[in-house]
Amino acid sequence: MKKHDINAAITGIHAWVPEHVLTNAALSTMVDTSDEWITARTGIKERRILKGDDQGTSVIGIAAVNGLLAKTGTDPKDIDLLVCATTTPDMPFPATANIIAHAVGAGNAFSFDLQAGCSGFLYGLTTGAQFIETGRCRKVVVVGADKMSSIIDYEDRTTCIIFGDGGGAVLLEPSHEGVGVLDAILRSDGAGAPYLHMKAGGSRRPASLETVAAREHYVYQEGSTVYKFAVKSMADVAVKIMERNHLNPDDIAFLVPHQANKRIIDATAEKMGIGQDRVMLNIHKYGNTTSGTIPLCLFEYEDRLREGDNLVLAAFGAGFTWGAVYLKWAY
Ligand code: UT7
């Protein structure tokens with residue numbers, strides 16, 4: 001772990017979800033499931049869905065970034081870099097980040113997408129932070145957003161109950177006060193690919209009448225296998241980042257976990273020794289928004305955060321990818 005003279009501080013956060021609410025009761029009319037099963041197994045009660053023609057992930061990202069710029073009084077022309085973490089880009093190319101940057105007037109920024117499944121926001125935050133730490137950039141926006149409903153099979157009860165649409169964005173700026181992103185452990189293992197992926201629509205198996213007929217353009221997940229890896233990896237990496245930064249459970253203001261399954265979150269908190277009152281949680285309202293979960297949590301808990309608060313962010317997702325970030329809140 002390298003210490004930097006300049007840290008990347010989060011100096012603002014905003015998030016956005018679409019209006020349409022898909023409840024467990026509504027899902028029970030679409031597939032063979034129940035509110036009781038979904039609540040007990042995942043903690044989810046409802047999720048948001050982005051409706052309408054030609055509405056992609058950029059809609060979520062643009063709303064989040066516009067809110068962020070207004071809130072922080074930032075001139076979009078001052079943004080040096082915009083990173084968008086997403087698994088559901090508007091199109092295979094160009095990058096959704098390019099579309100967002102253009103729409104918000106960030107005409108001087110370079111921008112790119114980053115795909116790391118549900119760990120996308122942590123990868124994006126860490127990547128964006130590097131550009132601040134080196135002094136190359138002074139204002140970096142990191143977006144985490146997904147329109148999961150675009151790749152969900154609403155005839156598959158094992159996946160359609162989990163996912164939702166939404167996202168958020170943070171502004172990163174240099175700090176010499178010892179606050180900001182202080183450490184990150186990011187991991188990946190492609191051996192996990194068979195358990196969580198989309199079978200077609202990429203270069204290996206381009207879209208065809210056959211792939212559409214075989215319903216191969218949706219999330220394929222072997223839930224219990226993913227669950228086992230998620231519980232172990234997310235908890236292990238969160239504990240490891242505590243240990244190497246000499247953090248006791250009492251030193252941590254909040255665990256900010258990826259919201260995939262309440263049981264995975266509980267297991268991670270328990271292994272870290274952190275009580276439920278210090279775990280950010282909104283899975284009941286939004287489900288798993290992939291790259292969107294962590295900024296959505298930070299945004300909703302923003303008014304409970306104080307300058308200098310120690311936060312541990314942790315995630316696990318497709319790839320497999322996983323990781324943890326240690327940051328000190330800056331305001
Ligand atoms: O975010 C990125 C990574 N993704 C994750 O972290 C997700 C990890 N996995 C999970 O969260 C859980 O595995 C699920 C929520 C997807 C599934 O929960 P589970 O407790 O692992 O259930 P299971 O797959 O072991 O299935 C148990 C039973 C099965 O029935 P049988 O074979 O025991 O008769 C399923 O068919 O539950 C059945 N089942 C359902 N029943 C009612 C599966 N989905 C449903 C459903 N409603 N929606």
Side-chain angles (χ1 to χ4, degrees), residues 22-47 85-88 115-123 144-149 151-167 186-198 218-238 256-269 271 280-284 286-297 313-324:
L22 179 60
T23 62
N24 288 352
L27 276 171
S28 311
T29 67
M30 297 156 66
V31 291
D32 181 14
T33 191
S34 64
D35 176 43
E36 293 70 32
W37 194 95
I38 302 171
T39 305
R41 296 292 181 113
T42 70
I44 302 167
K45 299 299 282 185
E46 57 189 42
R47 63 290 290 145
T86 188
T87 300
T88 52
Q115 205 281 96
C118 293
S119 309
F121 184 75
L122 295 192
Y123 273 57
D146 270 295
K147 182 189 174 186
M148 293 307 291
S149 62
I151 55 168
I152 291 300
D153 183 351
Y154 286 94
E155 293 184 9
D156 174 9
R157 69 175 182 171
T158 68
T159 50
C160 73
I161 55 148
I162 305 172
F163 293 99
D165 304 340
L186 300 178
R187 301 291 315 277
S188 63
D189 183 354
Y195 309 110
L196 181 51
H197 61 270
M198 192 163 103
Y218 295 120
V219 169
Y220 172 84
Q221 176 171 262
E222 293 180 22
S224 55
T225 305
V226 177
Y227 181 89
K228 281 177 207 135
F229 275 97
V231 164
K232 178 155 174 34
S233 310
M234 206 162 117
D236 284 356
V237 80
V256 193
H258 169 54
Q259 313 276 306
N261 187 319
K262 171 99 172 24
R263 292 184 290 143
I264 300 173
I265 296 171
D266 290 347
T268 303
K271 192 115 183 248
M280 292 194 188
L281 198 72
N282 58 15
I283 191 170
H284 51 291
Y286 308 126
N288 181 351
T289 55
T290 301
S291 306
T293 58
I294 289 178
L296 267 167
C297 272
L313 287 46
F316 180 90
F320 296 137
T321 58
W322 66 102

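Fair warning: this is a prediction, and the values are worked out from it, not measured in the lab. Counting convention: from 1, in listed order, for ligands and their atoms alike.
- For ligand 1, the atoms sitting less than 4.0 Å from at least one non-hydrogen atom of Arg41 are 19 (P), 20 (O), 22 (O), 27 (C), numbered in the order shown with element in parentheses.
- At a threshold of 4.5 Å between non-hydrogen side-chain atoms, the residues Trp37 and Asn24 do not count as touching.
- The closest donor-acceptor contact from the side chain of Arg47 to the backbone of Asp165 lies at 3.5 Å or more, if one exists at all.
- Distance screen at 4.0 Å: atom 26 (O) of ligand 1 has no protein heavy-atom neighbour inside the cut-off.
- Contacts of Asn288 with ligand 1, taken as heavy-atom pairs under 4.0 Å, involve the side chain alone.
- Side-chain contact between Thr88 and Met148 is present, with heavy atoms from C-beta onward closer than 4.5 Å.
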Contacts under 3.5 angstrom, residues 186-195 side chains, donor-acceptor by atom type, not counting sequence neighbours:
| from | atom 1 | to | atom 2 | distance (Å) |
| --- | --- | --- | --- | --- |
| Asp189 | OD1 | Ala191 | N | 2.9 |

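- Close N/O approach between Ser34 and ligand 1 is not found [any backbone or side-chain N/O within under 3.5 Å].
- Summary of contacts: the protein heavy atom closest to atom 4 (N) of ligand 1 is Gln221 OE1, 3.1 Å.
- Of the protein's heavy atoms, at least one falls inside 4.0 Å of atom 45 (C) of ligand 1.
- Scanning all protein heavy atoms for the shortest distance to atom 3 (C) of ligand 1 gives Val226 CG1, 3.7 Å.
- Counting atoms of ligand 1 from 1 in the listed order, those under 4.0 Å from a heavy atom of Ile162 are 16 (C).
- In the model, Thr87 has a side-chain atom that pairs as donor or acceptor with a side-chain atom of Gln115 under 3.5 Å.
- In this structure, atom 37 (O) of ligand 1 is in close contact with the protein, since a protein heavy atom lies within 4.0 Å of it.
- At a distance under 4.0 Å, no protein heavy atom can be found next to atom 23 (P) of ligand 1.
- Closest to atom 29 (C) of ligand 1, if we only count protein heavy atoms, is Arg157 NH2, 4.8 Å.
- When the heavy atoms of Tyr195, Phe229, Trp37 are ranked by distance to atom 41 (N) of ligand 1, first place goes to Trp37.
- With 3.5 Å as the limit, one finds no donor-acceptor pair spanning the side chains of Lys45 and Thr23.
- Less than 4.0 angstrom separates some heavy atom of Thr33 from each of these atoms of ligand 1: 42 (C), 46 (C), 47 (N), 48 (N).
- Atoms of ligand 1 lying under 4.0 Å from any heavy atom of Thr42, numbered from 1 in the order shown and given with element: 15 (C).
- The contact set between ligand 1 and Phe316, taken as ligand atoms under 4.0 Å from a residue heavy atom, comprises 2 (C).
- Ligand 1 has no nitrogen or oxygen under 3.5 angstrom from a nitrogen or oxygen of Ala260.
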Exercise for review: Quick one: do Asp146 and Thr86 satisfy side-chain hydrogen bond (donor to acceptor under 3.5 Å, both in side chains)? Show the steps, please.
Suggested key: CA-CA 6 Å; Asp146 270 295; Thr86 188; 3.0 Å; yes
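- Of all the atoms in ligand 1, the ones that sit under 4.0 Å from a non-hydrogen atom of Asn261 are 10 (C), 11 (O), 12 (C), 15 (C).
- For atom 31 (P) of ligand 1, the protein comes within 4.0 Å by no heavy atom at all.
- For atom 6 (O) of ligand 1, a protein heavy-atom neighbour is present inside the 4.0 Å cut-off.
- At least one heavy atom of Asp32 sits closer than 4.0 Å to an atom of ligand 1.
- With sequence neighbours excluded, the residues forming a ring-ring contact (aromatic ring centres under 6.0 Å, His included) with His197 are Tyr220, listed by chain and number.
- Interface of Ile264 with ligand 1, defined as ligand atoms under 4.0 Å from a residue heavy atom, comprises 6 (O).
- In this structure, NE2 on His284 lies 15.0 Å from CD1 on Ile38, to the nearest 0.5 angstrom.
- Interface atoms of ligand 1 facing Ile161, defined by a heavy-atom separation under 4.0 Å, are 48 (N).
- Proximity of Tyr123 to Thr321: side-chain heavy atoms (C-beta onward) are separated by under 4.5 Å at one or more points.
- The presence of a protein heavy atom under 4.0 Å from atom 20 (O) of ligand 1 is confirmed.
- In terms of protein heavy-atom proximity, atom 2 (C) of ligand 1 is closest to Cys118 SG, 3.1 Å.
- Put simply, the side chain of Asn288 reaches to within 4.5 Å of the side chain of His258, judged on heavy atoms.
- Within 6.0 Å of NZ on Lys232 lie no more than 12 heavy atoms contributed by other residues, nucleotides or ligands.
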